[in-house]
Amino acid sequence: MAQSSGSWICDGTPKNGQSYPNASGAHPPYENVGPDCVVCGLPREAMSAGTTTGTSGGKFPVGLVALLIVAAGLVAGIGYFGYRLVIGNGTTPPPSSVSNGNNRQLVSQTSSRNRAYISQGEKILINEPNPQRAALKQEAALAFDQGNWPEAIAKYQELVNADPNDPEARIYLNNARARQAGVPMTMAAVVPIGSSPDTAKEILRGVAQHQEAFNASSANRALEVAIVNENSPNGVTSLAEDLINSSVQGVLGHGADANSRAALQQYEQAGMAALSPLTTSVTPQNGGMVQVQTLSLSEKGQQLLETYLDNAANTLAEVTAKQVPNAKVALFYNSDSPYSNDLKTKLAAALPRFGATVVQDIDVAAAGFNANQAMTTARQAGANTAIFAMSRARVNDAVALAIANQTQTTPVQLFGSDQLYTPDLLIKGDSAINGMILAVPWSTSPNDPFAQQAAQAWRGQISWRTTTAYDATQALARAMDQGGDRAATQQLLRQGVQIQGQTASRSFDHVPLVQAVPGSSGPRGSNYQFNALTGI
């Protein structure tokens, strides 16, 4: 087998007579360049027959790596790639052949706990179901890991050409180009790959689009993005610690949950800028400009969330009353989510102000919940409207309720929160969600230049997550470029950075509305799309 200089082959079975209880076991031969096998976690010395220096006592419990890879959904592609390596032509140049002088350590290499959940291009984090693409991605990742930028660029370019809608491959392509050009400045994008890969992709599309634009126009330094899967079993606070101890200059991501707040507090204390829904204020300015400003989490974070929830509740209450005269509302929520609980409470207060009546609230997280029974109960209580004030984790319950509603003699009008604005709702809900109205923080019209540009770049409609991520990346990149280090970056964003914003008004006095309608511009596998709902 052709093998790169300095690399080593692992098949998961120790050859040195030592025991490694944390390793995951045998697997197809895989070529590694680091100290531990990225598939099973065995150390390099385990593959050396007769070596007695390698013991498991002094090693990082690397068996976790295999578990993390499984969690990231890569298993299907690894086996195929392993056999490709066995029969390959061995043309990958060794790391020593790279002459650009860029030897800065990768972010994942500074993390012993979460290395399988962080990548700048050296590993694939988002599951690729197509075996051929999965194999090519692993080849591209190996080239990146070895510092073979020409090959990494060629292979990631091939992946982007074949699927322009793949943001991970595009970010890694941009990263490889940035590393080839010199020492780039690095930001981290923390996204929910494990729990919601589609949401992660929506965010990463915005990140990738501005990264590409920035690198094409920057005369100083290129922007590199470390993708971070926030669903590490070690928790987001451990990820935050690893990013703080790395070369990352600023962070984009995290949500509104308690764990995210704890991570954001860590960044704040460490002097690292972090743009998230709870720490970022976006204020429209004259001439299409917006000011992006990071705020103290302890002082402003809860205020931002409360303001958005108040306005989202008012918007949903108003549109409900206008769409359904004498609206009698069944409120569906999930008690295991603080976001859902808060929105339900605010809706219950807002609806009567617009002349609507709440006839029942139903907890979809309750033991024994049954969508058909719940919808029947709501109709028996007199409901002619249903509002799904549910969190992102309950999209499948929303689909089940929509299907149950479709079987009713007289189906009710459905409304929902931004958390249901996902491809799964359109794909799985199909005709059952036809006409459903959601309140989301951003919407687009066919004449929106940025939406047209993004739709062309990604071969399909984009979401508000893509647009807000684009703006956030633009603001962070500008602050990083002008500041030069973490402290200056954080200071600039605290003062406020002016950008040519693509996001519609983020004051959220009236949260935009979208409606599910038949169409071909939705996600793959769907017969429906979300269109902006105007004039209401």
Side-chain angles (χ1 to χ4, degrees), residues 120-121 149 152-153 156-157 159-161 163-191 200-227 248-253 273 275 280 282 284-285 287-294 442 444 447-484 489 492-493 496-504 506:
Q120 285 147 280
W149 310 128
I153 290 169
Y156 277 127
Q157 183 67 68
L159 287 160
V160 169
N161 291 344
D163 184 5
N165 202 38
D166 181 352
E168 184 183 27
R170 187 172 296 208
I171 285 174
Y172 295 161
L173 170 61
N174 296 337
N175 287 350
R177 287 172 172 165
R179 289 224 157 203
Q180 184 182 51
V183 180
M185 56 185 191
T186 306
M187 63 167 278
V190 184
V191 290
K201 289 178 184 178
E202 290 177 43
I203 296 168
L204 292 176
R205 288 186 184 111
V207 174
Q209 191 167 346
H210 184 70
Q211 180 195 20
E212 201 165 88
F214 181 90
N215 288 354
S217 61
S218 175
N220 299 317
R221 295 174 63 190
L223 175 64
E224 179 182 53
V225 178
I227 300 177
V248 167
Q249 193 173 335
V251 176
L252 179 152
L275 281 77
T280 307
V282 182
Q285 307 286 303
M289 302 293 289
V290 298
Q291 176 176 277
V292 179
Q293 183 179 16
T294 54
W442 177 85
T444 183
N447 298 322
D448 184 338
F450 176 76
Q452 290 177 339
Q453 177 189 10
Q456 182 177 5
W458 298 108
R459 304 296 193 270
Q461 281 191 337
I462 59 167
S463 76
W464 60 270
R465 295 187 183 98
T466 299
T467 308
T468 52
Y470 181 95
D471 279 357
T473 305
Q474 182 182 176
L476 182 55
R478 176 163 295 183
M480 289 167 61
D481 188 38
Q482 294 177 354
T489 298
L492 284 169
L493 281 165
V497 174
Q498 297 274 337
I499 63 170
Q500 185 68 42
Q502 306 302 332
T503 306
R506 290 292 304 275

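We're numbering straight along the sequence, starting at 1.
In this structure, the side chain to side chain contact (heavy atoms under 4.5 Å, CB included) partners of Ala472, at least two apart in sequence or on a different chain, are Leu252, Leu275. Considering only residues two or more places apart in sequence or on other chains, Ala169 meets the side chain to side chain contact (heavy atoms under 4.5 Å, CB included) condition with Tyr156, Leu159, Val160, Asp166. For Gln482, there are no side-chain hydrogen bond (donor to acceptor under 3.5 Å, both in side chains) partners two or more places apart in sequence or in a different chain. Listed by chain and residue number, Asn174, Asn175 satisfy the side-chain hydrogen bond (donor to acceptor under 3.5 Å, both in side chains) test with Gln211 (two or more places apart in sequence, or in another chain). For Tyr172, the side-chain hydrogen bond (donor to acceptor under 3.5 Å, both in side chains) partners at least two apart in sequence or on another chain are Ser119, Glu168. In this view, Arg478 satisfies the side-chain hydrogen bond (donor to acceptor under 3.5 Å, both in side chains) rule with no residue, not counting sequence neighbours.
Side-chain contact between Met185 and Asp481: present, with at least one pair of heavy atoms (C-beta onward) separated by less than 4.5 Å. Side-chain contact between Arg221 and Pro184: absent, with no pair of heavy atoms (C-beta onward) separated by less than 4.5 Å.
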Using the side-chain contact (heavy atoms from CB on, under 4.5 Å) rule, take Val191 and Glu202 through it: C-alpha gap first, then chi angles, then the decisive distance, then the call. CA-CA 10 Å; Val191 290; Glu202 290 177 43; over 6 Å; no

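The nearest pair of heavy atoms linking Ala479 to Thr489 is O-OG1, 3.6 Å. Between Ala152 and Ala176, the shortest heavy-atom distance links the atoms CB-CB, 4.2 Å. A pairwise comparison of heavy atoms in Phe214 and Ala222 identifies CE2-C, 4.5 Å as the closest pair. Here the closest non-hydrogen pair linking Asn215 and Leu223 is OD1-N, 2.6 Å. Considering every non-hydrogen atom in both Ala189 and Val207, the closest pair reads CB-CG2, 4.4 Å. In terms of heavy atoms, Ala469 sits closest to Thr473 at O-OG1, 2.7 Å.
Remark: the Gln157 side chain and the Arg170 side chain contain no N/O donor-acceptor pair separated by less than 3.5 Å.
Going from atom CZ of Arg179 over to atom CD1 of Ile153 covers 12.5 Å, rounded to the nearest 0.5 Å.
Considering Gln249, His210, Met187 as possible partners of Leu476, the one that fulfils the side-chain contact (heavy atoms from CB on, under 4.5 Å) test is Met187.
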